[in-house]
Amino acid sequence: MTSTFPEQNKQIIFKQDPGSGWVDESHMDLAFTHVPKTLKAGQVLLQNLYLSVDPYMRMRMNTVSESYFPAFQLGKPLQGAGIAKIIASENDNYKIGDIVATIIGWEEYTIVSKESPMQKINNELNFPLTHYLGILGMPGATAYHGFINIGEPKQGETVFVSGAAGAVGLVVGQLAKLKGCRVIGSAGSDEKVQALVNEFGFDAAFNYKIGNLSKKLKELCPNGIDIYFDNVGGETLDTVLLLMNTFGRLVECGMISQYNESKPYRLQNLFVIVGKQLKLQGFIISGQISDPHFMKKFFSDMSKWLNEGKFKYTQTITEGIENAPSAFIGMLKGQNTGKQIVQIIK
Ligand SMILES: NC(=O)c1ccc[n+]([C@@H]2O[C@H](COP(=O)([O-])OP(=O)(O)OC[C@H]3O[C@@H](n4cnc5c(N)ncnc54)[C@H](OP(=O)(O)O)[C@@H]3O)[C@@H](O)[C@H]2O)c1
């Protein structure tokens, strides 16, 4: 097959550090550049198909931060996980037409060198390609590792998941059902709450933006909470601490309620972890994702459950790389259900 070198690349450039408040579109810029006409040894040229936009990217926008990821570079395209097609190759391991999962720029075309990790997607089981950025990708692996290995669920236990209608939360809820638990989810709209119960098999769900959180949780978890899968942190975590059962586990996956806050919420109820003998553990999934044994087991279990119809998954797809900033900000504000993805090229 012959290589194709497109003329122009449409990119989203990181223009300005938003500091500690809300990110908006003025912090990013649309740019048009030329794609080089030749590749160096070991490089491949990708035509980017799908880009994953994720909450952790907000932390990468703080150029002076203590985030677990390095900051994005000002003046360069933002980056993220993506699915792409190889359209030119100077690397013997990859040929034109291969579909790969790798880190791409927020742009239509990316050149990747041989040092960058890149995984071929054979997709023998014929899943939608976007699943590799969602339930079969990083968010699915996060739910699987966090809930099973850290949460250590036991049949009959009560599980509460915040951010339940998102990419990670939807998988956690269904894993909880699979393990014989009772699962309650919270989300930011009545439509999401209905979907959690009617489509995704949660036992109960509520809109955290309405009413008193403590009262609602006491009503829906009359026997207390054994596992809290925390996607949001802040006041919700503080409230849940008081409702945890002895020897309960708090899986600290993320704290999205804090990412755009200029004044972080200060916990007041942490003292209960001693008396209730709670386990509270944070984690980041990158270690597991680079472990082939973990990934093999995760992929084998999750693809089997998907094929058996035990899991449902949904996504929110925004078209066009020029709309990546609004998709990203919309996701941070709750406009997505399931995995937020940008379809770059139709
Ligand atoms: N530890 C790890 O390795 C790891 C890996 C992946 C993700 N994470 C974390 O897991 C969490 C979920 O990530 P995701 O990719 O699945 O994102 P997501 O849930 O698909 O999207 C983010 C969701 O957060 C909710 N949200 C926004 N502001 C909120 C607030 N103030 N209070 C409560 N909910 C709020 C919104 O839903 P509503 O409509 O419900 O508000 C929004 O849809 C994030 O905290 C993320 O940082 C951690």
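Whatever order the structure lists ligands and atoms in, that order sets their numbers, starting from 1. Position 1 is the first residue of the sequence; numbering continues from there.
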(message) Less than 6.0 angstrom separating the ring centers of F69 and Y56, yes or no?
(response)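 Ring-ring flag for F69/Y56: true, centres closer than 6.0 Å.
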(message) Just checking F283 against H145, ring centres under 6.0 Å apart?
(response)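 Yes - the distance between ring centres of F283 and H145 falls below the 6.0 Å cut-off.
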(message) Can you list everything that forms a side-chain contact (heavy atoms from CB on, under 4.5 Å) with N323? Sequence neighbours excluded, please.
(response)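 By the side-chain contact (heavy atoms from CB on, under 4.5 Å) rule, N323 matches T318, S326.
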(message) So, using ring pair (Phe, Tyr, Trp, His ring centres under 6.0 Å) as the criterion, who are the partners of F202 when residues are at least two apart?
(response)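 If we apply the ring pair (Phe, Tyr, Trp, His ring centres under 6.0 Å) test to F202, skipping adjacent residues, there are no hits.
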(message) Checking side-chain polar atoms at under 3.5 Å, does T63 have a donor or acceptor matched by the opposite partner on D17?
(response)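 Yes - a donor-acceptor pair under 3.5 Å links their side chains.
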(request) At a heavy-atom distance under 4.0 Å, which protein residues reach ligand 1? Sort them by chain and number, would you? (result)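 For ligand 1, the contacting residues are P55, M138, T142, G166, A167, V168, A187, G188, K192, Y208, N231, V232, C253, G254, M255, I256, S257, Y259, F283, I284, I285, M331, L332, G334, N336, G338.
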Return a table of donor-acceptor pairs under 3.5 angstrom between the side chains of residues 41-51 and protein atoms on other chains or two or more places apart.
residue	atom	partner	partner atom	Å
Q43	OE1	K40	N	2.7
N48	ND2	E107	O	2.8
N48	ND2	T110	OG1	2.9

